[in-house]
Amino acid sequence: SATEYAMAGSFLILNQTIDNIEELDGIVAYSVFQLPTQNDVRKLALDKVLARKKEFHFAVENIIVHDLETAERVDRIWKIKHVSTNWLAGD
């Protein structure tokens, strides 16, 4: 069991968990929105999990990232959130 720090933008525990994922079956998170906000950092985290043949489970969205297709689905969700957030803010 690992819990991330409550500081915005902190992914220290996530990165440590991914680095030690060989000892685990995978990672369970509450939501895809707990992943890093930066596209490249988020993609790297998901790629590392997949490269080790592990899974990333997201409870709220009921998504299991187990291949590139499901990783891309998470990326699309993030892009939709970004566009809708900017649109609502009037940007």
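Each residue takes its place number in the sequence, starting with 1.
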Student: Would you compute the distance between atom CG of Leu44 and atom CG of Asn39 and round it to the nearest 0.5 angstrom?
Tutor: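 Atom-to-atom, Leu44:CG and Asn39:CG are 12.5 Å apart.
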
Student: Listed by chain and number, what are the side chain to side chain donor-acceptor pair (under 3.5 Å) partners of Asp47, not counting sequence neighbours?
Tutor: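 Only Lys43 meet the side chain to side chain donor-acceptor pair (under 3.5 Å) criterion with Asp47.
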
Student: Just verifying a value: how many Å separate Ile21 CD1 and Glu23 CD, rounded to the nearest 0.5 Å?
Tutor: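 Rounded to the nearest 0.5 Å, the CD1-CD separation comes to 10.5 Å.
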
Student: Is the side chain of Gln34 donor-acceptor paired with the backbone N or O of Ser31 at a distance under 3.5 Å, no angle test?
Tutor: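 The answer is yes, because a donor-acceptor pair under 3.5 Å joins these two groups.
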
Student: Hydrophobic clustering (ILVMFWY, side-chain heavy atoms < 4.5 Å, transitive) - are Leu68 and Val65 grouped together?
Tutor: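 Yes, Val65 connects to Leu68 through the hydrophobic network.
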
Student: Keeping to residues at least two apart or across chains, list the ring pair (Phe, Tyr, Trp, His ring centres under 6.0 Å) pairs with something in residues 57-86.
Tutor: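 Sorted pair list: Phe33-Trp78, Phe56-Phe58.
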
Student: Out of curiosity, does Tyr30 fall in the hydrophobic cluster containing Leu46 (side-chain heavy atoms, cut-off under 4.5 Å, transitive links)?
Tutor: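 Each belongs to a different hydrophobic cluster.
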
Student: Is it the case that more than 12 heavy atoms not belonging to Arg73 sit under 6.0 Å from its CZ atom?
Tutor: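 Counting neighbours around CZ of Arg73, 12 or fewer heavy atoms of other residues, nucleotides or ligands fall under 6.0 Å, so no.
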
Student: Just wondering, more than 12 heavy atoms not from Asp25 lying within 6.0 Å of its CG?
Tutor: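 It does not: Asp25 CG has 12 such atoms or fewer within range.
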
Student: What are the two closest heavy atoms between Leu24 and Lys54, and how far apart are they?
Tutor: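 So the minimum-distance heavy-atom pair works out to O-NZ, 2.7 Å.
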
Student: Atom OG1 in Thr70, atom CD1 in Ile64: separation rounded to 0.5 Å?
Tutor: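 It is 9.0 Å, given to the nearest 0.5 Å.
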
Student: Going from NZ on Lys53 to CG on Asp67, what distance comes out if it is rounded to the nearest 0.5 angstrom?
Tutor: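 It is 11.0 Å, given to the nearest 0.5 Å.
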
Student: Just jot down the side chain to side chain contact (heavy atoms under 4.5 Å, CB included) partners of Ile18, sequence neighbours excluded, or say none.
Tutor: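 Testing Ile18 for side chain to side chain contact (heavy atoms under 4.5 Å, CB included), a comparison that skips the adjacent residues, returns Leu14, Ile27, Ala45, Lys48, Val49, Arg52.
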
Student: Taking CG in Asn62 as the centre, count heavy atoms belonging to other residues, nucleotides or ligands within less than 6.0 Å. Is the count above 12?
Tutor: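 No, the 6.0 Å shell around CG holds no more than 12 heavy atoms from other groups.
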
Student: Are more than 12 heavy atoms from other residues, nucleotides or ligands located less than 6.0 Å from atom CD of Glu69?
Tutor: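 Incorrect, the count does not exceed 12.
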
